[in-house]
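The next block holds one structure in the form of structure tokens; read it before the comments.
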Amino acid sequence: MIVMKFGGSSVANAERIRHVAHIVKGRLDRKPALVLSAMGDTTDHILEAADTALSKGQAAAGKIEDLHRGTIRELGLGASVQDEIEPLLEELRKLLTGISLIRELTGRTKDYLVSFGERLSVRIVAAYFNAIHINAQALDAWDAGLRSDSCFSAAEPDEASWERIPGVLKPLIERGILPVITGFIAKDGEGNITTLGRGGSDLSAAIIAAACGAEEVQVWKDVDGILTADPRIVKNAKPVETVTYDEAAELAYFGAQVLHPRAMLPCMKTKTPVLVKNSYNIDAPGTRIVAALEKKNSPVRAITSRKNVILVDIVSTRMLGQYGFLEGVFSVFARHQLSVDMVATSEVSISLTLDAPRSLEPLKKDLGRIASVDIRTGKAIVTIVGDVRRSSEILARAFRTCEILGAPVQMVSQGASKVNISFIVDDTEADDVVRALHGDFFDALPPPGTLSNRSGT
Ligand code: ASP
Ligand code: MG
């Protein structure tokens with residue numbers, strides 16, 4: 001069995017839904033279960049409708065109704081799916097009217113409200129599968145065994161879901177039925193509808209796959225997986241074949257198109273592989289996220305950079321071994337509401353980075369009371385995500401590249417996660433550094449386990 005998850009843009013209209021059916025059809029032998037988001041931007045449209053109801057006292061669901069009715073028409077689906085959709089649309093209208101009258105929206109009602117997006121999409125998609133003679137059944141998450149706590153808008157699946165989900169899905173799949181399950185939503189112990197947080201259908205898919213002991217969970221997006229670098233900087237950036245859960249989590253923070261780290265937790269627990277695939281480029285292999293990697297040629301998975309960073313060097317003016325210095329420094333940043341990104345410390349000094357666009361004179365003045373301060377703008381953070389077991393090799397090769405380029409490294413930090421090595425160079429040098437690192441790590445691979453300037457003895 002596999003779980004296939006399609007996000008909002010993959011089921012945005014009739015044409016996209018036909019394409020999803022084409023993708024699934026080619027994989028029926030692997031016994032899939034589908035997890036879907038709401039069509040297109042439906043979740044946002046519902047939230048906008050709620051805002052209008054609250055602020056203007058008007059209940060307007062026209063956009064949402066038109067999209068779903070229009071899609072049913074375009075897919076040529078019959079009356080039976082209309083009989084399922086119309087009562088949902090009516091319930092949604094009534095709810096919006098209620099909100100427009102009482103001008104109040106609680107967390108509980110908001111989750112109930114946005115749940116209509118996913119409930120509508122699975123019914124339409126399942127009806128389309130049946131129309132093309134693939135036996136499918138639409139399931140609301142709770143009917144597929146997925147229940148949660150009552151933390152509205154950020155609910156956590158409960159422990160018993162791990163047993164309930166396979167109890168429902170496995171018999172269905174054994175009977176040759178394709179389950180089409182709502183992502184994003186669940187129900188709490190009292191029967192209230194909850195949501196798992198924006199983008200939560202990835203988490204739904206992950207827990208369903210993990211609970212069923214699926215071979216893998218496929219997350220279908222509109223990119224070729226994770227890339228080795230930003231293609232705007234490195235022309236020959238390529239999709240990364242495999243990464244570990246830890247590396248993927250680190251890359252997610254840099255905006256890579258992967259799962260939110262929270263969504264990977266169920267799969268990490270059971271070591272279920274996650275495959276990120278491009279629905280616009282079916283044949284591309286995509287990126288596979290797994291528990292552990294074989295030692296491969298390149299110790300590096302991907303290289304990213306962030307520009308316009310400010311570097312702050314702080315040297316204690318007090319005695320060596322004094323305590324409370326770090327606390328003193330960080331409380332100044334807290335007071336100025338500045339979030340610190342990278343940090344490196346020695347016995348008497350601290351270097352750290354900020355992304356602050358505003359004037360730092362007040363900060364400098366405050367810090368000046370306890371330390372001598374040097375603030376430098378125009379810096380960039382270059383981050384290498386890769387194999388912790390080979391960090392010495394990565395550092396050696398990266399620094400040698402910087403030396404050859406004449407781009408001095410001004411601060412270094414190996415993240416607490418160990419798969420992230422970050423360093424600071426001048427903004428103007430960052431693109432060259434990223435390109436040169438990419439060239440070294442991905443384009444001219446030396447034999448594994450040796451430094452590029454050593455001959456293999
Ligand atoms: N439809 C929800 C959202 O837009 C959940 C999801 O797409 O994962 O956030
Ligand atoms: Mg969405």
Are any non-hydrogen side-chain atoms of Met342 and Ile424 less than 4.5 angstrom apart? yes
Minimum-distance pair of heavy atoms, taken over all atoms of Leu203 and Pro157: CD2-CD, 4.3 Å
Side-chain donor/acceptor of Asp341 to backbone N/O of Thr353, under 3.5 Å: no
Value for CG (Asp431) from OG (Ser305), rounded to nearest 0.5 Å, stands at 6.0 Å
Where Ala229 and Ala237 come nearest, the two heavy atoms and their spacing: O-CB, 3.4 Å
Any donor-acceptor pair under 3.5 Å linking the side chain of His68 with the backbone of Ile64? yes
Review item, side-chain donor-acceptor pairs of residues 167-185, under 3.5 Å, at least two apart:
{"unit_1": "Lys170", "atom_1": "NZ", "unit_2": "Cys212", "atom_2": "O", "d": "3.1"}
{"unit_1": "Thr182", "atom_1": "OG1", "unit_2": "Ala141", "atom_2": "N", "d": "2.8"}

Does either side chain, that of Thr109 or that of Thr106, offer a donor lying less than 3.5 Å from an acceptor on the other one? yes
Ion pair check, Glu48 and Lys63, cut-off under 4.0 Å: yes
Ignoring hydrogens, what is the shortest heavy-atom contact between Ser9 and Asp222? Give both atom names and the distance. OG-OD2, 3.8 Å
Check side-chain hydrogen bond (donor to acceptor under 3.5 Å, both in side chains) between Thr272 and all other residues, then give those that pass, not counting sequence neighbours. Thr270
Qualifying salt bridge (Lys or Arg N to Asp or Glu O under 4.0 Å) pairs, either residue in residues 267-293, two or more places apart: Glu159-Lys269, Glu216-Arg288
Taking NZ, NE, NH1 and NH2 as the nitrogens, is one of them in Arg262 or Glu156 under 4.0 Å from a carboxylate oxygen of the other? yes
Spacing of CZ belonging to Arg232 relative to CG belonging to Asp230, to within rounding of 0.5 Å: 4.0 Å
Can we say Lys379 and Asp426 salt-bridge, meaning some charged N sits less than 4.0 Å from an Asp/Glu carboxylate O? yes
Assess the side chains of Ser413 and Ser422: does a donor N or O sit below 3.5 Å from an acceptor N or O? no
Set out, in order, the CA-CA distance, both residues' side-chain angles and the distance that settles side-chain contact (heavy atoms from CB on, under 4.5 Å) for Arg93 and Glu90, then state yes or no. CA-CA 5 Å; Arg93 258 191 327 266; Glu90 176 166 352; 3.6 Å; yes
cation_pi(Arg16, Tyr280) dist<6.0 Å, angle<=45: yes
With sequence neighbours left out, what residues match Asp224 under salt bridge (charged side-chain N to carboxylate O under 4.0 Å, His left out)? none
Here the pair of heavy atoms bringing Leu196 nearest to Ser204 is CD1-OG, 3.5 Å
Verify the distance criterion only: is there a donor paired with an acceptor across the side chains of Thr194 and Ser148 at less than 3.5 Å? yes
Smallest heavy-atom separation, Val382 atom then Leu437 atom, equals CG1-CD1, 3.9 Å
If you draw a 6.0 Å radius around CG in Asn308, do more than 12 non-hydrogen atoms from other residues or ligands fall strictly inside? no
Might you point out which heavy atoms bring Ala430 and Val425 nearest each other, and give the distance in Å? CA-CG2, 4.0 Å
Distance-only side-chain donor-acceptor flag, Asp158 / Ser161, under 3.5 Å: yes
Counting distance only, does the side-chain N/O of Thr244 pair as donor-acceptor with the main-chain N or O of Glu247 below 3.5 Å? yes
Asn130 side chain vs Ala136 backbone, donor-acceptor pair below 3.5 Å: yes
One thing to verify: whether Glu393 and Arg390 come together as a salt bridge, which I'm taking to mean a side-chain N less than 4.0 angstrom from a carboxylate O. yes
Counting distance only, does the side-chain N/O of His336 pair as donor-acceptor with the main-chain N or O of Leu338 below 3.5 Å? no
NZ/NE/NH1/NH2 to OD/OE distance under 4.0 Å, Asp140 and Arg119: no
Taking the side chain as every heavy atom from C-beta outward, state whether Val343 and Phe330 have any pair of such atoms under 4.5 Å apart. yes
Flag for Tyr245-Glu250: side-chain donor and acceptor within less than 3.5 Å: no
Measuring from Ile2:CD1 to Leu28:CG, what's the distance to the nearest 0.5 Å? 9.0 Å
How about Lys5 and Ser37: do any of their side-chain heavy atoms sit closer than 4.5 Å? yes
Please answer whether the main-chain N or O of Leu105 pairs with a side-chain N or O of Arg108 as donor and acceptor at a distance below 3.5 Å. no
Minimum side-chain heavy-atom gap Asp51-Lys56 below 4.5 Å: no
Check against side-chain contact (heavy atoms from CB on, under 4.5 Å), Leu96 and Gln58: CA-CA 8 Å; Leu96 285 169; Gln58 290 164 5; over 6 Å; no
Can Tyr128 and Val81 be said to form a side-chain contact (heavy atoms from CB on, under 4.5 Å), step by step? CA-CA 9 Å; Tyr128 180 66; Val81 66; over 6 Å; no
Which residue is it: Asn236, Val240, Thr304? I am looking for the one with a side-chain contact (heavy atoms from CB on, under 4.5 Å) to Thr228. Val240
Using side-chain heavy atoms (C-beta onward) and a distance below 4.5 Å, is Phe116 in contact with Thr42? no
Here's a test for you: under side-chain contact (heavy atoms from CB on, under 4.5 Å), which of Ile17, Val125, Ile23, Val35 qualifies with Phe6? Ile23
Where the side chain of Glu118 meets the backbone of Ser115, is there a donor-acceptor pair that is under 3.5 Å apart? no
Salt-bridge criterion met for Arg198 and Asp44 (N-O under 4.0 Å): yes
Set of ring-ring contact (aromatic ring centres under 6.0 Å, His included) partners for Phe129, sequence neighbours left out: none
Counting only N and O atoms by type, is there a donor-acceptor contact under 3.5 Å from the side chain of His19 to the main-chain atoms of Ser279? yes
Could you tell me whether Asp443 and Lys238 make a salt bridge, using a distance below 4.0 angstrom between a side-chain N and a carboxylate O? yes
Determine whether Thr287 and Val274 make a side-chain contact, defined as any pair of heavy atoms from C-beta on separated by less than 4.5 Å. no
Run the numbers on Lys187 and Asn192 for side-chain contact (heavy atoms from CB on, under 4.5 Å), then give the verdict. CA-CA 5 Å; Lys187 255 185 192 175; Asn192 299 304; over 6 Å; no
Test item: Lys110 and Leu47 side chains (from C-beta on) under 4.5 Å apart, heavy atoms: yes
In Å and rounded to the nearest 0.5 Å, what is the OG1 to CG distance from Thr242 to Leu293? 5.5 Å
Got Lys221 and Val276 here, is their nearest side-chain heavy-atom distance under 4.5 Å? yes
Just jot down the side-chain hydrogen bond (donor to acceptor under 3.5 Å, both in side chains) partners of Arg73, sequence neighbours excluded, or say none. none
To the nearest 0.5 angstrom, please state how far the CD1 atom of Ile124 sits from the CD atom of Gln82. 10.0 Å
When rounded to the nearest 0.5 Å, the distance separating CG of Leu54 from CD1 of Ile102 is 9.0 Å
